[in-house]
Amino acid sequence: MEIDQGVVDALQHAKHVLVFTGAGVSAESGIPTFRDALSGLWARFDPAALATREAFRRDPSFVWGWYEWRRMQVYKAQPNLAHRAIAELSANVAKLTLITQNVDDLHERAGSIDVIHLHGSLSTPRCFACARFAVEPLPPPDEPIEGRHLEPPRCGHCGGKLRPGVVWFGESLPTQALAQSFAAAKDCDVLLSVGTSGVVEPAAQIPDIAWRAGATVVHINPDTKGVRGAREFWLEGRASEVLPQLLAKGFRRQRIEFIR
Ligand code: BV8
Ligand code: ZN
């Protein structure tokens, strides 16, 4: 895959780089994406049947069991070269903002800090009744079988059922995270959109806000991404192959070779 010189120039001169990631950045760590055929989580489970308050109210142990299965997958997974390249990028640019739609902790485990989680996290359960975060962190997940029911733990404050600390469909995104994300989109010079289908709102607006504010937007995705001409690019390929190449080309430092 050839990396357009326009992308390299924009990255080298950027004062503020925004990296915006979706499920595709964790795909090579073995975490199923939402919409890819076959492996896609939604291929087997309808989001309306699981990622909503109504689903939890209707069958809390089925929904909790599904999230524990996903938490186990993340627990067993390792950050991949894409996560590590993004962490390395932050040491090579003046300012980097990392916004993820993902609920896993693979960016943090690759060394990224101050990650903005627009859709929450698997590791910070809240109470379904009083909405407060769980008093105790969750123990390492045991080996739940996909689709098995697990009784949710109880809230240490009010005794209500704990729910996953993620943003479900029909729920508002965390106000501060969303405001920070829109502000970063307006301020950045380059936005790298990595592994997202751009389907889910309002997160899907972020690359568009950046482009309209004058940033260079680069989509990194094996699937075709339509581009609007000047200042927008599509780098075809998997994140773990494209990002290390982009860093090596952009910064040509010995330490980048470390990533290979
Ligand atoms: C909201 C956490 C205001 C949970 C997620 C009716 C009622 C209410 C709202 C709506 C409605 N109709 C529409 C909406 C808006 C709705 C929405 O956008 N729906 C979509 C389906 C149309 N949004 C909401 O509900 C949001 N809230 O609007 O609040 C409100 C409030 C009250 C009432 C009304 C409105 C909340 C959205 C958050 C939902 N939670 N996750 C969980 O994880 O279980 S979203 C979930 O899907 C993920 O978090 C992820 O963010 C999201 C998007 O998926 P992607 O990350 O893009 O992944 P995907 O599989 O789609 O694509 C992967 C990509 O990677 C592909 O392009 C693929 O080619 C690429 N790829 C694959 N391999 C690689 C790769 N790329 C690079 N390298 C590789 N190796
Ligand atoms: Zn409670």
Side-chain angles (χ1 to χ4, degrees), residues 1 20-43 45-56 63-64 66-71 73-74 80-83 85-86 99-104 117-122 124-135 152-175 177-178 181 192-207 218-226 234-244:
M1 168 268 325
F20 174 62
T21 65
V25 81
S26 296
E28 291 161 274
S29 296
I31 307 297
T33 65
F34 290 82
R35 286 166 188 83
D36 287 347
L38 299 180
S39 72
L41 281 179
W42 301 144
F45 296 100
D46 167 11
L50 280 162
T52 62
R53 289 184 64 84
E54 295 68 36
F56 187 85
V63 174
W64 183 262
W66 185 57
Y67 279 92
E68 280 297 275
W69 172 68
R70 289 175 59 190
R71 191 164 72 92
Q73 287 188 307
V74 170
N80 62 56
L81 285 176
H83 297 107
I86 292 166
I99 302 168
T100 188
Q101 300 173 85
N102 300 339
V103 293
D104 64 49
H117 281 266
L118 276 179
H119 294 156
S121 157
L122 286 171
T124 54
R126 289 188 282 121
C127 176
F128 191 69
C130 72
R132 280 178 284 190
F133 282 99
V135 175
R154 291 293 173 158
C155 166
H157 305 284
C158 78
K161 288 186 168 122
L162 290 186
R163 53 156 289 177
V166 301
V167 179
W168 278 329
F169 289 101
E171 291 186 319
S172 301
L173 276 60
T175 316
L178 193 58
S181 301
L192 304 180
S193 175
V194 186
T196 181
S197 60
V199 166
V200 172
E201 296 291 349
Q205 296 167 27
I206 289 169
V218 184
H219 300 280
I220 297 172
N221 198 316
D223 272 5
T224 315
K225 281 288 183 187
W234 166 45
L235 300 183
E236 180 181 3
R238 291 177 293 108
S240 70
E241 62 186 9
V242 173
L243 280 167

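One-based numbering, in listed order, for ligands and for the atoms of each. Note that the numbering runs from 1 along the sequence shown for the chain.
For ligand 1, the polar-atom distance check finds an N/O of Ala23 within less than 3.5 Å of one of the ligand's N/O atoms. The shortest N or O to N or O distance between Asn221 and ligand 1 is below 3.5 Å. Where the criterion is an N or O separation shorter than 3.5 Å, residue side chain and backbone included, Gly170 meets it with respect to ligand 1. Considering backbone and side-chain atoms alike, Ser197 places an N or O below 3.5 Å from some N or O of ligand 1.
Counting only heavy atoms from C-beta outward, the side chains of Pro125 and Trp64 approach each other to under 4.5 Å. Between Arg154 and Lys161, some side-chain heavy-atom pair lies under the 4.5 Å cut-off. The shortest distance between side-chain heavy atoms of Phe128 and Arg53 falls below 4.5 Å. Inter-residue side-chain proximity for Pro152 and Phe56 is flagged as met; some heavy-atom pair is nearer than 4.5 Å. Counting only heavy atoms from C-beta outward, the side chains of Tyr67 and Val166 approach each other to under 4.5 Å.
Close approach to Thr33 involves these atoms of ligand 1, each under 4.0 Å from a residue heavy atom: 60 (O). Annotation for ligand 1: atoms under 4.0 Å from non-hydrogen atoms of Arg70 are 42 (C), 43 (O), 44 (O). Heavy-atom proximity to Glu171, at under 4.0 Å, picks out these atoms of ligand 1: 1 (C), 26 (C), 27 (N), 29 (O), 36 (C). In summary, the atoms of ligand 1 found under 4.0 Å from a heavy atom of Trp168, numbered by their order in the structure, are 36 (C). Residue Ala239 has at least one heavy-atom neighbour below 4.0 Å for each of these atoms of ligand 1: 77 (C), 78 (N), 79 (C). The contact set between ligand 1 and Asp223, taken as ligand atoms under 4.0 Å from a residue heavy atom, comprises 69 (O). Listed by atom number, the atoms of ligand 1 under 4.0 Å from Thr196 heavy atoms are 55 (P), 57 (O), 64 (C), 65 (O), 67 (O). Close approach of ligand 1 to Ala27 (heavy-atom distance below 4.0 Å) involves ligand atoms 73 (N).
Not a single heavy atom of Lys225 sits closer than 4.0 Å to an atom of ligand 1. Not a single heavy atom of Val194 sits less than 4.0 Å from an atom of ligand 1.
A distance of 5.5 Å separates NE2 of His83 from CG of Asp104, quoted to the nearest 0.5 Å. Atom CD of Glu236 sits about 6.5 Å away from atom OG1 of Thr224, to the nearest 0.5 Å. Here CZ of Phe133 is found 11.5 Å from CG of Leu162. Values are rounded to the nearest 0.5 Å.
Using modelled atom types and a 3.5 Å distance limit, the side chains of Asn80 and Ser240 yield no donor-acceptor pair.
Annotation: angle subtended at the Zn ion (ligand 2) by Cys158 SG and Cys127 SG is 100°, to 10°.
Residue contacts with ligand 1, taken as heavy atom pairs separated by less than 4.0 Å, do not involve Leu118 at all.
Just one of Ile86, Thr196, Thr33 meets the side-chain contact (heavy atoms from CB on, under 4.5 Å) condition when paired with Val25; it is Ile86.
If you check each of Gly198, Gly22, Pro202, Gly195 against atom 63 (C) of ligand 1, the one with the closest non-hydrogen atom is Gly195. In the candidate list Thr21, Val63, Asn80, Val200, Val200 is nearest to atom 47 (O) of ligand 1, counting heavy atoms. In this comparison of Glu201, Gln101, Glu28, the heavy atom closest to atom 80 (N) of ligand 1 sits on Glu28.
Considering every non-hydrogen atom in both Gly120 and Val167, the closest pair reads N-CG2, 4.0 Å.
Not a single N/O/S atom of His157, whether from backbone or side chain, sits less than 2.8 Å from the Zn ion (ligand 2).
Thr100 places a side-chain N or O within 3.5 Å of a backbone atom of Asn102 that can act as its donor or acceptor partner.
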